[in-house]
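So the structure is just underneath, and the comments pick up after that.
Note: hydrogens, waters and symmetry copies are ignored here, and every other heavy atom, side chains too, is used. Please read these numbers as outputs of a predicted model, since none were measured by experiment. Just so we're on the same page: letters track the sequence lines, and every chain starts at 1.
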Amino acid sequence: MIKTQSLNENHRFRALYGRGKNKTGKAMSVYVMRNRLGKVDRLGLTVSKKIGNAVTRNHVRRRIREAYRMLEPQIKDGYDIVIVARHASETMLFTALTDEMKSLMTALGVIKEEKGDA
RNA sequence: AGAGUUUGCUGCGCAGCCGCGCGCCUUCGGGCGUGAGGAAAGUCCGGGCUUCACAGAGCAGGAUAGCUGAUAACGUCAGCCGAGGGCGACCUCAGGAAAAGUGCAACAGAAAUAAACCGCUGCCUUUUGGCAGUAAGGGUGGAAAGGCGAGGUAAGAGCUCACCGGUUGUUAUGGUAACAUAACUCCCCUGUAAACUCUAUCCGAAGCAACACCAGCUCGGGGGCUACGGCUUGCUCGGCCAAGCUCCGGAAAGGUGGCUUGAGGCGUGUGGCGACAUGCGUCCCAGAUAGAUGGCUGCAUAAACAGAACCCGGCUUAUAGGCUUACUCUCCCC
RNA sequence: GCGCUCGUGGCGGAAUGGCAGACGCGCCGGUUUCAGGAGCCGGUGGAGAUAUCCUUGAGGGUUCAAGUCCCUCCGAACGCA
């Protein structure tokens, strides 16, 4: 990923859960908050043990990261984003996963508005 | 043909585009190579490695339990012995000691480690019954004094004898041994040690968040107090001199190493029934640090259990499908 | 990584190796009331032929006998670094 670092500090996670804007879909919940790092985005992933065993959790984490990578060029700079996986993210089609992430991000206002888009 | 026992293996692969960790190269655009398991799991054992304030001794505690071997070691493995199950191939077994001692054995039953309720026999008594002898018979129970026959007796009893069974000891033969077989001899004794215990053998503790180093306004270092102090798994002896709090003096997180060449893999020869050992050749095969293997498309597309975190040897548990070794029983045909 | 504890009717929670489910809460039925509550009385794991059988997270073992002892799994909660 080009402009995104991983978010691994527990206090930032708690700040996002507490004060960030959030939206929830079938496959994930997304929390968003501005950071003070300028052009850098930071992504944190949470996959709890309720989702499944280690193999399942790895798989879910990779799918969500891949979907984020597809979406990354359209995301505004300077945000911390935390994505919490839910059960459906293991089984649903990858295209549906990508679409859901995009619609959640759009609702939260972190997707760039494309030129000439009505 | 049917039913069954058993051995070992595999458990996705290829191509295209985009993407990730590590290593090397780089004209800094990128390129090349490589990248999860048989259980990586559970953490049930054993070892390496590191540190400790570890000389060490005793007690306590823990583990193991047929024999011989294998191994770095083991609670693992191999072969054998014994016991149990199965017609059999074969499978299972914490498989030392109950004759060192203690405990426990509910209910039932007269009685549970010792015995007289009924019965049987003798004597006394008018009868009811009393005294004595007796473990053959009765019922209870998981277990009731070894089984059966004969002798014997008032009635009976290993009281005596024959046979059988178990058992203690000795001897002989075979075997390294566990043990097996035979002879003589002693005895006839409940079970339980996954109850305490005894016997034999083994065990210092903690764990890579160990530990070492670097950077840092805070390091290092020093003073005072706790003091019959702290540490050494628990306790005692012994040993060591450090630990906590506070003050000079004000606190939060980082980086690097450890980290992968090893009791290593593969092939092959030799020794051994085997576990395994060893010679030669050859190969280098993940090393992350919120944690790398994913997404899409095609090949008929369905495909289990499941993800390394210091490393090895085992055990246990999970596992769709496929392949495979050696055998057994029954039926039919020749 | 290391270690400790627990699992019993619907719920909480007892039970020396010896009749499993004490006790409390809840639930059901009855009584009382015009009606409800409280009180009082009785019942309450499952199957079944109404004899009995199966039940202490699951599966094995030891024992005459296991909720209890031993082993292996499963699940939950907790401690230390």
Side-chain angles (χ1 to χ4, degrees):
Chain A
M1 295 184 215
I2 304 150
K3 62 172 184 179
T4 306
Q5 300 177 348
S6 66
L7 177 67
N8 55 22
E9 292 146 326
N10 191 34
H11 71 272
R12 287 299 295 166
F13 272 86
R14 277 182 296 169
L16 276 144
Y17 291 144
R19 301 199 303 277
K21 290 192 287 183
N22 78 316
K23 272 280 182 183
T24 301
K26 281 183 186 169
M28 68 193 85
S29 298
V30 181
Y31 294 78
V32 167
M33 197 175 177
R34 286 200 75 88
N35 61 32
R36 299 200 183 87
L37 302 172
K39 294 224 166 195
V40 177
D41 287 335
R42 292 190 296 185
L43 175 67
L45 289 176
T46 299
V47 185
S48 83
K49 270 192 172 177
K50 282 187 282 185
I51 301 294
N53 60 26
V55 173
T56 310
R57 293 200 305 273
N58 268 335
H59 190 212
V60 166
R61 189 162 44 78
R62 285 163 185 159
R63 278 164 68 96
I64 291 176
R65 184 176 293 158
E66 179 69 14
Y68 177 86
R69 191 176 69 82
M70 298 296 188
L71 212 58
E72 191 186 12
Q74 304 175 44
I75 293 174
K76 293 181 183 172
D77 295 341
Y79 282 91
D80 282 353
I81 300 167
V82 165
I83 298 177
V84 179
R86 311 186 75 199
H87 279 98
S89 57
E90 186 197 354
T91 49
M92 77 194 298
L93 287 172
F94 185 75
T95 50
L97 193 73
T98 315
D99 290 347
E100 181 174 311
M101 184 181 287
K102 186 171 183 180
S103 68
L104 290 170
M105 296 274 197
T106 308
L108 291 165
V110 291
I111 300 290
K112 294 174 186 169
E113 291 178 21
E114 293 174 30
K115 284 184 181 175
D117 198 14

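- Closest to the side chain of R61(A), out of C18(B), A292(B), G307(B), is A292(B).
- U31(C) and G46(C) have their C1' atoms separated by 31 Å, with the value rounded to a whole Å.
- Base orientation at G38(B) is syn, since its O4'-C1' glycosidic dihedral falls within 90° of 0.
- Nucleotides G158(B) and C163(B) have their C1' atoms positioned 14 Å apart, rounded to a whole Å.
- Taken to the nearest 0.5 Å, the CD1 atom of I83(A) stands 10.0 Å off from the OG atom of S29(A).
- Base orientation of G255(B): anti, the glycosidic angle falling outside 90° of 0.
- In this structure, the nucleotide among G295(B), G19(B), G307(B) sitting nearest to the side chain of R69(A) is G19(B).
- Going from atom CD of E66(A) over to atom C1' of C296(B) covers 9 Å, rounded to whole Å.
- Nucleotide U170(B): paired with A183(B) (Watson-Crick or G-U wobble, both distances less than 3.5 Å).
- Remark: H59(A) is in phosphate contact with G295(B), judged by side-chain N or O atoms under 4.0 Å from OP1 or OP2.
- Annotation: U134(B) and C117(B) have their C1' atoms spaced 15 Å apart (nearest Å).
- In this structure, G262(B) shows a glycosidic angle more than 90 degrees from zero, which is the anti conformation.
- The nucleotide A15(B) finds its pairing partner in U297(B), both defining distances of the Watson-Crick or G-U wobble pair being shorter than 3.5 Å.
- Here, G42(B) and G66(B) have their P atoms 32 Å apart, quoted to the whole Å.
- Under the Watson-Crick and G-U wobble criteria, each requiring two contacts below 3.5 Å, nucleotide C219(B) is left unpaired.
- Salt bridge status for R69(A) with E66(A): present, with a side-chain N to carboxylate O gap under 4.0 Å.
- Between the side chain of R62(A) and the base of G307(B), at least one donor-acceptor pair of N or O atoms lies under 3.5 Å.
- On the C1' atoms, U233(B) is 34 Å away from A70(B), given to the nearest whole Å.
- Remark: G56(B) base-pairs with C237(B); criterion is Watson-Crick or G-U wobble with both hydrogen-bond distances under 3.5 Å.
- Judged by closest nucleotide on RNA chain B, R63(A) is the one of R63(A) and N58(A) placed further toward the 5' end.
- Taking the C1' atom of each, U51(B) and C213(B) are spaced 15 Å apart, rounded to whole Å.
- Nucleotides A99(B) and C67(B) place their P atoms 22 Å apart, quoted to the nearest Å.
- When both distances must be under 3.5 Å, the Watson-Crick or G-U wobble mate of C334(B) does not exist.
- Nucleotide A292(B) holds its P atom 12 Å from the CZ atom of R57(A), rounded to whole Å.
- Taking for each of L45(A) and M70(A) the nucleotide of RNA chain B with the nearest heavy atom, the 5'-most of the two is the partner of L45(A).
- To the nearest angstrom, P of C18(B) lies 21 Å from OH of Y68(A).
- Nucleotide C40(C) is matched to G30(C) when pairs are restricted to Watson-Crick or G-U wobble geometry with both distances under 3.5 angstrom.
- Comparing A252(B) with C4(C), their C1' atoms sit 33 Å apart, to the nearest whole Å.
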